Structure formats: structure tokens, C-alpha cells
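One structure below.
In what follows, chains are A, B, ... by sequence order, proteins preceding strands, each numbered from 1. If you're wondering where the values come from, they're calculated on a predicted model, not measured in any experiment.
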2 protein chains.
Amino acid sequence: MSRPKTQPYHHGQLREALATSGRALLEEKGIRGFTLRECARRAGVSHAAPAYHFASIDDLLAELATRGFDELAGAMAAEAARADGSATGQLVAQGIGYMAFAAGNPALFQLMFSREANRLDTAPLAAASEAVRALHAAAVETAIPHASGEIKQRMTDFAGASMHGFIALVLESEIGGKDSSRALKARGLALLSVMAETVVRVGA
Amino acid sequence: MSRPKTQPYHHGQLREALATSGRALLEEKGIRGFTLRECARRAGVSHAAPAYHFASIDDLLAELATRGFDELAGAMAAEAARADGSATGQLVAQGIGYMAFAAGNPALFQLMFSREANRLDTAPLAAASEAVRALHAAAVETAIPHASGEIKQRMTDFAGASMHGFIALVLESEIGGKDSSRALKARGLALLSVMAETVVRVGA
DNA sequence: CTTTCAATCTTGACGTTGGAAAGAGGCGAA
DNA sequence: TTCGCCTCTTTCCAACGTCAAGATTGAAAG
């Protein structure tokens, strides 16, 4: 019976199960409605079972945020991989991946970029969010390889702020409250296009 | 004794006191650490006293968010009033007011633009946030009065996304983790400047 | 000035939460 | 088989939001 030794016992995959049910719960109830006990309930274990895998509810939230950043980086990289070779290609493609992830996981996205997550700041979480930042910086580097360091920093600020701000405002329905998803996508693309062109123009 | 009849009794100004202590508590503990009972404690009343003034904890949070939007609009308008007459003046000045408010009230700012606040959505809250949006749209209008409606909308998206995204990322220390406040201000101003120039250029 | 009375606050209770402590159960090593 | 550790359950506690009931007060009415 050569079972992988990482499936030890009773429930076996509790950590994974909690991350999964937690993620769903977060999207359903929002950050304020998120409870450890409901999370455990959905995983089919007693309310104190999570304690062995997560030191506290904040620890579980940190794990969710960390996985979110990993997935976000994946989404950005996947889009970027199929971008054309133009100067703005990477930047726009990554932006599409970024916005798509946010739109698909609004509550998780907000958790990742919330002050609460900042307060948690475990090492893996910091590393995962740093990876996303690095990916973004690389896209700017590709767009304006010959610009000065200061310009590159300014344009990284600018590009990151534009794409993050747009989707953040959309999620809060501060932008396009009643608009269709299709119309919002068009507006998002238009924004990314203006953003990328500006980066290249200023960085030239 | 012609006291204003709106100062009725015991504590008298409980609603105000709760809004004040609630705001401070929110900044201290964050949205997850915010509790009605602690709020009441700080106002010097029993744990159930708030119920008379606020139907629920969400109702109190909605009030805080509403006041936040009012104050944000005030900050934007105050900065804009002392702007020069250039095309980009209003836009940059409002952006400064916007970022200054966010930097001074990070937790409140995040509450205002959180999915939770969206869920609350009382009429006054919707009106207050709409007022901020209108102020911003007016600044874009001033910058590019002759552009088409679609361009104006796109540039409103763009300008709002840039300024909101930048300060949002700063608050989460996703931008400039260890930088001084002075350096961050410079980066914010640089961003606003690029943003405003782009609006005018594209809208021309 | 006394009497009402409605608005405001307090007390006490209920169900739920996060977390700690202690015990039960099963798996792998000896 | 026995032992010991890892995993989960049970039980308990303080604190939470909310409700219901009672107490307190300022001010209007007589």
C-alpha cells in the first residue's frame, strides 16, 4: 500500500480542504463574514481542527492571500506568454491577466491588497507579493529598456497604479455601476492601451 | 433655556460621539478589529446604547464611510480651489487632495472603497460617493472641454484609476515599502503630472 | 410645581465566534 | 504487539452583535 506519505490520516488533506473551503467562503461572505468555524464546517471537521494547521484565523487568511498572489502571478505570466513582440505587448497582456484574476476573485483580490493582509505579513506572503511586483517591473523594463532608472521607477508606479486602480474601482462598482461586463472589458482594454502608450512615450 | 431641541438628553451627542470614537477605533484596529462594544466603551456608554442610533454595526460603518466621502470631497474641493488656471491644474490639485485624505485616514479610506461598504449601500452613502465621482468628472471636463463623450469617459476612468491606484498601493505598502514620506510625495506628484498631461494630450 | 411621557440609556440574556486545554483515536516505527 | 506522535474532537471561556425588558431623564402639559 504505497500511499504518498503526505496523506497521513483521518481527513488527510485538511490543510488543502481548509484553503479551498476558505476561499469559497471568502468570496461568498466577504472578509467580515469570514469565520473559522464555518470554514471548518464546510471541510467536515470540528471547529477546533484548523488550529493544528493554522495558528489563527489570520494565519489562514495569510495563506489564502499568499496563494492568491501565486495565482495572480501565474495569470499575468500566462497572458504575457502569448503577447506579441511589440514594446507594449507585455505590459498590456499582464494587465489583462491582472484584471481577469481580480474580476474572477474579487474578495480574495481585496484581501490581498487590504490593510489587514499587510498587518499579517508572513514571509511567504511577502515573497509572493514581491514576485508579482517583479513580474510587473520586468514588463516595464521590456517596454522601455533604455530609460533611466528614475523614469523606469516612475513608469512602474504609473503602470501599476493605472491597472490596479481601474480594476479596484470596478470591483467596488465605483466605475461602471450598471455597465455590462463586455463594456467594462472594453474600457479596461482602452485604459491599458493608453497606459502602455504613455509608458513608452515618456520612457523614450 | 432655549437649547437647540436636538440636544435631548443623557449623553446627548451619542451619535456624534460614536462616529468619532468609531473612526479612531477603525484606524487603530482595522476593519476586522472594529467592534461595536469597544466603540461604545470609548464613548462612555453601555454596550447596547448604540442600538438606538445605529440599527447595526454595518449601519455605523456605513455612516463612517459616508462621512469619509463627504470629507474626501471637501479635501478635493479645497485643493482645487487654490489651483492655478492651467488645463491640468484642477486635475492635479484634486489628486493631491485625494491622496492626502487617503494617507491621513488609511483604514477609513479602505473601508470606503471596500467590497464591504459596497454591500452596505445606504442612500446617503451612495450619494456621498457619487459626489466625489462628480467632482472628479468635472475636473476632467475642465481639462478637456472639447473632447468627445467617449474620450471624456475614458479619460475619467484613466485619471481616477491612476490616482486611486497609486495611493491604494502605497497604503498597502505595495509601492515604496521603505521610502520616506517625502520621497513618496514626490512620486505621487510625478504620477499626477504624467496622468494629467496624458489626459490633455489624448483629449486634445 | 407637579405630573406625565416619550426619548434615551442600562441590564441581562441568547447564540455565535476565536482560541486554549485536555482527551480520544489512529498510524507508523520499534 | 506496543509505543509514541500526529491529527482531530470535546469541552470550556471571554468577547462579540443583537434583542427584550426595565430604568432614567429632560421637557412638555396641566
Does a side chain donor of either A/Y98 or A/H164 reach within less than 3.5 Å of an acceptor in the other side chain?
-> yes
Tell me, do [X] and [Y] make a side-chain contact under 4.5 Å, heavy atoms counted?
X: A/V199; Y: A/I144; value: yes
X: B/F113; Y: A/L171; value: no
X: A/R32; Y: B/D58; value: yes

Tell me what B/S46 touches on the nucleic acid: a base, only sugar-phosphate, or nothing, going by heavy atoms under 4.0 Å.
-> base
Rounded to whole Å, please give me the gap between [atom1] in [X] and [atom2] in [N].
X: B/L14; N: D/dT24; atom1: CG; atom2: P; result: 18 Å
X: B/R15; N: C/dC9; atom1: CZ; atom2: C1'; result: 16 Å
X: A/F54; N: D/dT7; atom1: CZ; atom2: P; result: 13 Å
X: A/R41; N: D/dC8; atom1: CZ; atom2: C1'; result: 17 Å
X: B/R32; N: C/dG18; atom1: CZ; atom2: C1'; result: 10 Å
X: B/Y52; N: C/dC9; atom1: OH; atom2: P; result: 9 Å
X: A/L61; N: C/dG18; atom1: CG; atom2: C1'; result: 12 Å

All N/O pairs under 3.5 Å across the protein-nucleotides 19-22 of chain C interface:
{"unit_1": "C/dG19", "atom_1": "OP2", "unit_2": "A/I57", "atom_2": "N", "d": "3.0"}
{"unit_1": "C/dG19", "atom_1": "O6", "unit_2": "A/H47", "atom_2": "NE2", "d": "3.1"}

One should read off an interatomic distance between B/S56 OG and B/L120 CG, to the nearest 0.5 angstrom, of 8.0 Å
Enter the distance from B/Q90:CD to B/H136:NE2 here, rounded to the nearest 0.5 Å.
-> 12.5 Å
Shortest non-hydrogen separation from B/L192 to B/I96 and the atoms involved | CD1-N, 3.7 Å
Distance-only, no hydrogens or angles: does the A/E116 side chain make a donor-acceptor pair with backbone N or O of A/L111 under 3.5 Å?
-> no
Derivation and outcome, side chain to side chain contact (heavy atoms under 4.5 Å, CB included), residues B/R23 and B/N105 | CA-CA 9 Å; B/R23 180 165 174 172; B/N105 308 274; 2.8 Å; yes
Proximity to DNA chain D (any heavy atom under 4.0 Å), residues of residues 16-31 of chain B only = none
